[in-house]
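Below is one structure; the comments refer to it alone.
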Amino acid sequence: MDEKAAPVRIEPVPEPPYVYHYYMRPRPKVVVKRDLLPSVVVALTTFAFGLPAAYLWSWLAPAQLKIVSPQDGKFYPIGLESYHRLDALMVFVLIGLGAGVVTGIATWLLRQRRGPIVMLGMTAGSVAAGWMAQWMGGKLALGAYPAPASIKPNDTLLIAPALETWWGILAWPLAAALAYGCCTAWNGLDDLGRRLG
């Protein structure tokens, strides 16, 4: 009897189905229509907080002590008082940065509305709030330091603080977008946790 055995045919073993495919949800898409109205509400609410920021700036920003020139009648700062121009801008920028961080985190806590549409509304509202804070802050500061009825040469006056550049407006929206972006990166979920709310 021949000791040689017939070759055994080995059938390939089928790969087992991967269980996790059955439990994977489809990747969520950006919700636009449902988030439009909440994004407008977020923008308007953020814009409304420009008024308290304006009041806070007009209260904290330092006034400049100036003297009336006898030659041309213009106001000139005394000593180092001209530094208060930068102080007023830095106070405004710090208020904007703080308000922006609070705005970004507060908007992130609206779990059912997380996404780019609400973030765009928040950023637009932050730009408008920064503009409102600068415009209204100047008006409030002028009211806090009224000019005297008569001005003579060599008089010293406290002149209201003023913002001489519009670049400070960018502090609020940049801080808000950065805070919201950091929260998004920290979350790591495809739907940003909207379904968990």
Side-chain angles (χ1 to χ4, degrees), residues 35 37-68 74-111 113-114 116-149 151 155-186:
D35 285 353
L37 182 60
S39 68
V40 171
V41 172
V42 167
L44 292 176
T45 304
T46 306
F47 172 70
F49 280 99
L51 187 57
Y55 176 75
L56 184 63
W57 177 81
S58 68
W59 183 57
L60 292 176
Q64 290 188 58
L65 186 63
K66 294 188 175 183
I67 189 169
V68 182
K74 292 184 179 177
F75 301 108
Y76 291 98
I78 299 173
L80 301 178
E81 291 287 316
S82 61
Y83 288 174
H84 289 327
R85 295 168 56 202
L86 180 62
D87 296 340
L89 177 61
M90 290 301 104
V91 168
F92 186 79
V93 168
L94 287 175
I95 291 172
L97 290 175
V101 169
V102 171
T103 301
I105 293 173
T107 306
W108 174 256
L109 294 176
L110 301 173
R111 181 179 291 242
R113 297 295 175 232
R114 289 177 182 170
I117 304 302
V118 172
M119 181 181 176
L120 288 174
M122 173 200 67
T123 308
S126 298
V127 172
W131 173 83
M132 164 69 91
Q134 178 158 348
W135 179 73
M136 186 58 76
K139 304 288 184 192
L140 292 172
L142 283 175
Y145 299 96
I151 299 174
D155 281 352
T156 55
L157 304 171
L158 270 178
I159 304 299
L163 293 168
E164 301 173 7
T165 179
W166 289 91
W167 286 102
I169 291 175
L170 297 178
W172 195 325
L174 287 177
L178 181 64
Y180 197 89
C182 288
C183 290
T184 303
W186 169 75

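Note: hydrogens, waters and symmetry copies are ignored here, and every other heavy atom, side chains too, is used.
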Taking all non-hydrogen atoms of both residues, which atom of Gly104 and which atom of Ala179 are closest, and how far apart? CA-CB, 4.1 Å

Donor-acceptor pair, Gln134 side chain versus Trp167 backbone, under 3.5 Å? no

Got a second to check how far Phe92's CZ is from Leu163's CG, nearest 0.5 Å? 6.0 Å

Closest approach of Gly137 to Trp57 (non-hydrogen atoms, all atoms of both residues): O-CZ3, 3.4 Å

Looking only at heavy atoms, which two atoms of Ala141 and Pro161 are closest? And how far apart? CB-O, 3.8 Å

What's the shortest heavy-atom distance between His84 and Ala63, and which atoms? CD2-O, 3.3 Å

Got a second to check how far Leu89's CG is from Glu164's CD, nearest 0.5 Å? 9.0 Å

Heavy atoms only: give me the nearest Ile169-Val127 pair and the separation to one decimal. CG2-O, 3.8 Å

Set out, in order, the CA-CA distance, both residues' side-chain angles and the distance that settles side-chain contact (heavy atoms from CB on, under 4.5 Å) for Thr184 and Trp108, then state yes or no. CA-CA 8 Å; Thr184 303; Trp108 174 256; 3.5 Å; yes

Closest non-hydrogen atom pair, Leu97 against Ala171: CD2-O, 3.8 Å

Stepwise side-chain contact (heavy atoms from CB on, under 4.5 Å) test for Met132 and Phe49: CA-CA 9 Å; Met132 164 69 91; Phe49 280 99; over 6 Å; no

Have a look at Trp172 and tell me which of Thr103, Thr123, Thr46 forms a side chain to side chain donor-acceptor pair (under 3.5 Å) with it. Thr103

To the nearest 0.5 Å, how far apart are CD1 in Ile117 and CG in Leu37? 13.0 Å

Say you draw a straight line from CE of Met136 to CH2 of Trp131; how long is it, rounded to the nearest 0.5 Å? 8.0 Å

